[in-house]
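Lettering follows sequence order; numbering is per chain, from 1. It should be emphasised that the depicted structure is a prediction, and the values quoted were computed from it without experimental measurement.
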Number of protein chains: 2
Amino acid sequence: MIRRTAPAGTPTLEESRTVAETTRSAPRYGNRPTMKDVAARAGVGLKTVSRVVNGEPGVTPETERRVREAVDALGFRRNDGARVLRKGRTATVGLVLEDLADPFYGQLGRAVEEVARAHGTLLINGSSAEDPEREQELALALCARRVDGLIVIPAGDDHRYLEPEIRAGVATVFADRPAGLLDADAVLSDGFGGAREGVAHLIAHGHRRIGFVGDRPRIHTAAERLRGYRAAMEDAGLPVDERWVAPGPTDPRRVTEAVEGMLAGPEPVTALFAGNNRVTVTAVRLLAARTARGDGAPVALVGFDDVELGDVLGVTVIAQDPAALGRTAAEQLFRRLDGAAEAPRRVVIGTRLLARGSGEIPPGPSA
Amino acid sequence: MIRRTAPAGTPTLEESRTVAETTRSAPRYGNRPTMKDVAARAGVGLKTVSRVVNGEPGVTPETERRVREAVDALGFRRNDGARVLRKGRTATVGLVLEDLADPFYGQLGRAVEEVARAHGTLLINGSSAEDPEREQELALALCARRVDGLIVIPAGDDHRYLEPEIRAGVATVFADRPAGLLDADAVLSDGFGGAREGVAHLIAHGHRRIGFVGDRPRIHTAAERLRGYRAAMEDAGLPVDERWVAPGPTDPRRVTEAVEGMLAGPEPVTALFAGNNRVTVTAVRLLAARTARGDGAPVALVGFDDVELGDVLGVTVIAQDPAALGRTAAEQLFRRLDGAAEAPRRVVIGTRLLARGSGEIPPGPSA
DNA sequence: CCCCGGCCTGACAACGTTTTCCAGGCTCTA
DNA sequence: TAGAGCCTGGAAAACGTTGTCAGGCCGGGG
């Protein structure tokens with residue numbers, strides 16, 4: 001169930017449905033057999049069934065056989081909810097993604113899952129669709145489910161809402177972006193260094209007018225990459241015309257407008273730095289169409305974050321390692337769950353420049 | 001927690017850890033306040049707290065204020081596990097994916113999530129990494145968590161293990177591939193029709209020797225697509241040389257070998273049909289390299305399932321609609337959860353041929 | 001003035017599991 | 001043969017929540 005924001009509970013969809021349909025007071029989940037039923041059928045005590053089901057010692061082989069037989073006949077399956085209530089640990093961790101459909105997060109999520117699995121833990125994940133409010137709903141719903149730990153890829157920039165949860169013992173690690181207004185573990189890519197290297201690469205190939213199209217600057221990663229861009233320009237003693245800098249939403253329309261703006265006019269940019277994979281994809285499309293039209297000199301492009309088939313297309317990128325990001329975050333989480341009490345750590349994972357052609361195009365004659 | 005296969009319970013990783021570390025008997029989750037604590041602090045009864053937290057009517061504004069104050073002061077959050085135990089419904093559905101990192105499943109998962117969210121339901125998903133045993137572990141672990149329903153993208157081909165669960169009331173819908181040895185709802189893409197159309201498209205452009213590279217035939221979708229290929233060839237009265245047909249794992253090495261085999265020899269194929277997106281990607285790479293080397297006549301290509309940037313690269317594909325697949329499966333699931341008792345349904349979603357260039361290349365002179 | 005009906009409120013028993021604790025019956029040893 | 005253990009099984013109490021139900025209080029009508 002998804003819970004609304006701040007107060008610990010207000011009626012929800014689910015509420016209204018269940019209230020309506022509840023007539024009898026005993027739920028019984030369709031018609032699930034319980035340990036008691038199994039015990040009755042096998043002619044043994046309740047605890048004996050528990051022992052068998054959990055593989056505890058101290059049960060005669062013959063008794064065990066009878067119990068297993070009853071389990072199979074009835075189709076019994078232990079209710080982990082009840083179990084958790086008694087034991088206190090859920091052996092479950094939650095992952096709040098930003099967008100399930102983005103391959104970058106898919107790889108990250110998969111790495112987290114592998115680590116969780118190696119620790120005998122179930123992973124629950126959901127995505128915030130880049131909406132801060134949904135991020136909060138989701139994270140708190142997971143806390144209400146009493147996950148042992150949480151990995152969050154922030155959509156919002158204020159995570160104080162997690163303070164009570166963390167104080168109550170929910171281990172929490174942030175990935176890809178740091179927490180907002182909260183001191184917590186974080187595992188990040190080196191956005192600043194990567195962008196700086198990418199832009200420096202363009203400069204090294206002779207470019208002086210370089211455009212930057214990235215995400216909204218309230219997103220930490222976007223801000224870092226922009227900072228890297230400015231640093232590289234400054235390193236080279238190049239001025240930055242603010243018309244070359246276009247932070248904002250990364251939907252195709254906005255990106256298209258931004259890029260076309262930079263390529264128009266008397267002094268167009270000769271190279272582009274794309275702030276994330278969505279921008280890169282749109283830019284590739286745009287530049288390909290432009291070349292097909294034979295419209296102006298070729299424009300160089302370096303993108304932050306790899307894109308599928310980027311090698312075939314010859315797109316030069318700053319590649320992140322989403323799997324390493326996920327793996328590292330998960331490992332840190334389990335370190336916390338195993339009791340590590342060190343101060344919050346921030347781990348930064350390096351990036352790699354992959355030169356494939358688009359970043360090595362020299363400036364056109366108009367430069 | 002991940003449970004081992006058939007018997008209802010054997011010791012696991014988690015077991016051995018918790019047994020070892022349990023000394024005190026009361027769990028208390030770190031140090032979570034309960035409704036009882038809130039009640040004590042607010043000077044009211046337990047049930048009153050429950051009423052406030054759940055937004056039930058019949059509480060004085062003044063009392064409500066006191067309760068909310070205590071909730072905030074203590075950082076209380078309702079324990080949904082206990083709630084579920086009492087109420088019987090978890091308002092949670094499970095999704096067993098085949099591979100989180102595959103964009104196709106990412107989009108499918110996202111669509112499922114949107115529908116679940118619209119129904120006020122939490123989605124738990126995990127991936128089987130294409131391993132039938134992991135699929136089973138995961139699905140059963142979700143059942144032990146008492147999800148209300150399950151959407152499964154099969155990795156294995158025997159799903160009888162779900163019979164007791166379904167009988168016990170877990171609504172179950174299969175997506176992308178049908179269940180094995182089980183009569184259940186399924187939502188599928190039209191692999192047969194799509195492949196037939198794609199191959200017919202190649203034939204219409206003059207090809208007579210067409211290669212098929214797809215996944216292992218025990219995977220239902222792969223078998224269907226192969227069937228579509230054969231049907232199209234037969235429709236046109238063309239013979240199929242078995243050396244042109246290469247089902248098997250879709251890792252780059254195997255695909256590379258298969259394709260190179262078909263392109264060698266005195267009578268090479270002049271066109272390729274790629275059975276899924278991974279094959280397509282590898283084939284695109286291969287053919288691009290071949291063209292760059294100026295090695296032989298260009299080879300036509302149609303792929304099943306779209307790939308990112310396929311438009312820019314000019315790859316002709318049979319596009320599926322993963323979002324529609326996910327949405328439809330989820331809607332069917334909720335129909336079941338709302339009590340629909342109709343016989344198991346099989347829904348087939350159509351595909352679309354996107355002609356972008358690679359599928360319209362005519363056969364070379366050697367043909 | 002009393003009684004009734006309506007509101008709030010809280011005590012108590014579930015839900016299905018694990019844990020603790022104890023009681024038998026057995027075997028083994030002195 | 002008796003006593004001391006051990007093995008096996010069962011009863012009862014938790015875990016944190018919600019459903020039921022009864023009691024207390026108030027105001028209004030008879």
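The closest side-chain donor-acceptor pair between A:Thr92 and A:Arg146, if any, does not fall under 3.5 angstrom. A side-chain N or O of B:Arg78 and one of B:Asn54 form a donor-acceptor pair less than 3.5 Å apart.
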Side-chain donor-acceptor pairs of residues 162-169 of chain B under 3.5 Å, sequence neighbours excluded:
{"residue": "B:Glu165", "atom": "OE1", "partner": "A:Arg32", "partner atom": "NH1", "Å": "3.3"}
{"residue": "B:Glu165", "atom": "OE1", "partner": "A:Arg32", "partner atom": "NH2", "Å": "2.5"}
{"residue": "B:Glu165", "atom": "OE2", "partner": "A:Arg77", "partner atom": "NE", "Å": "2.7"}

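With hydrogens and angles ignored, a donor-acceptor pair under 3.5 angstrom links the side chain of A:Arg51 to the base of D:dG9. With hydrogens and angles ignored, a donor-acceptor pair closer than 3.5 Å exists between the side chain of B:Lys47 and the base of D:dG19. Side-chain atoms of B:Arg86 stay outside donor-acceptor range of the base of C:dG16, with no qualifying N/O pair under 3.5 Å.
A close approach under 4.0 Å does not occur between any side-chain nitrogen or oxygen of A:Ser50 and OP1 or OP2 of C:dT17. When the side-chain nitrogen and oxygen atoms of B:Thr48 are compared with OP1 and OP2 of C:dT9, none of them lie within a distance under 4.0 Å.
For the pair A:Asp37 CG and C:dG16 P, the interatomic distance rounds to 8 Å; values are reported in whole Å. For the pair A:Leu46 CG and C:dC15 P, the interatomic distance rounds to 13 Å; values are reported in whole Å. Atom CZ in B:Arg83 sits roughly 17 Å away from atom P in C:dG16 (whole-Å rounding). The distance between atom CZ of B:Arg146 and atom P of C:dG16, rounded to the nearest whole Å, is 9 Å. The distance from atom NZ of B:Lys36 to atom C1' of D:dT18 is 16 Å, rounded to the nearest whole Å. Atom P of nucleotide D:dG19 and atom NZ of B:Lys87 are separated by 5 Å, given to the nearest angstrom. Protein atom CZ of B:Arg89 is 15 Å distant from nucleotide atom P of D:dG19, rounded to whole Å. Rounded to whole angstrom, the span from the CG atom of B:Leu85 across to the P atom of C:dA14 amounts to 14 Å.
Ring pair B:Phe174/B:His159 is perpendicular by interplanar angle, where above 60° counts as perpendicular and below 30° as parallel.
Taking the side chain of A:Thr34 as heavy atoms from C-beta on, and the options C:dT17, D:dT17, D:dG9, the nearest nucleotide is C:dT17. When distances are taken from the side chain of B:Met35 to each of D:dT17, C:dT17, D:dG16, the shortest belongs to D:dT17. When distances are taken from the side chain of B:Ala82 to each of D:dG9, D:dT17, C:dT17, the shortest belongs to D:dT17. Checked against C:dT18, D:dG9, C:dT17, the side chain of A:Asn79 finds its nearest nucleotide in C:dT17. Side-chain atoms of B:Asn54 lie closest to D:dT18 of the nucleotides D:dG16, C:dT18, D:dT18.
A:Arg336 meets the side-chain hydrogen bond (donor to acceptor under 3.5 Å, both in side chains) test with A:Asp185; sequence neighbours excluded. The side-chain hydrogen bond (donor to acceptor under 3.5 Å, both in side chains) check on A:Asp183 picks up nothing, with sequence neighbours excluded. Every residue meeting the salt bridge (Lys or Arg N to Asp or Glu O under 4.0 Å) condition with A:Arg110, not counting sequence neighbours, appears here in chain and number order: B:Asp99. Residues passing the side-chain contact (heavy atoms from CB on, under 4.5 Å) test with B:Ala329, sequence neighbours excluded: B:Ile151, B:Val173, B:Ala175, B:Val187. Residues forming a side-chain contact (heavy atoms from CB on, under 4.5 Å) with A:Pro132 (at least two apart in sequence, or on another chain): A:Arg218. By the salt bridge (Lys or Arg N to Asp or Glu O under 4.0 Å) test, A:Arg327 pairs with no residue at all, sequence neighbours left out.
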Atom pairs under 3.5 Å: protein N/O with N/O of nucleotides 5-8 of chain C:
{"residue": "C:dC8", "atom": "O3'", "partner": "B:Thr60", "partner atom": "OG1", "Å": "3.0"}

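Comparing the end axes of the helix from C:dC1-D:dG30 to C:dA30-D:dT1, each fitted to five base pairs by superposing C1' atoms of four pairs onto the next four, gives an inter-axis angle of 60° (nearest 10 degrees).
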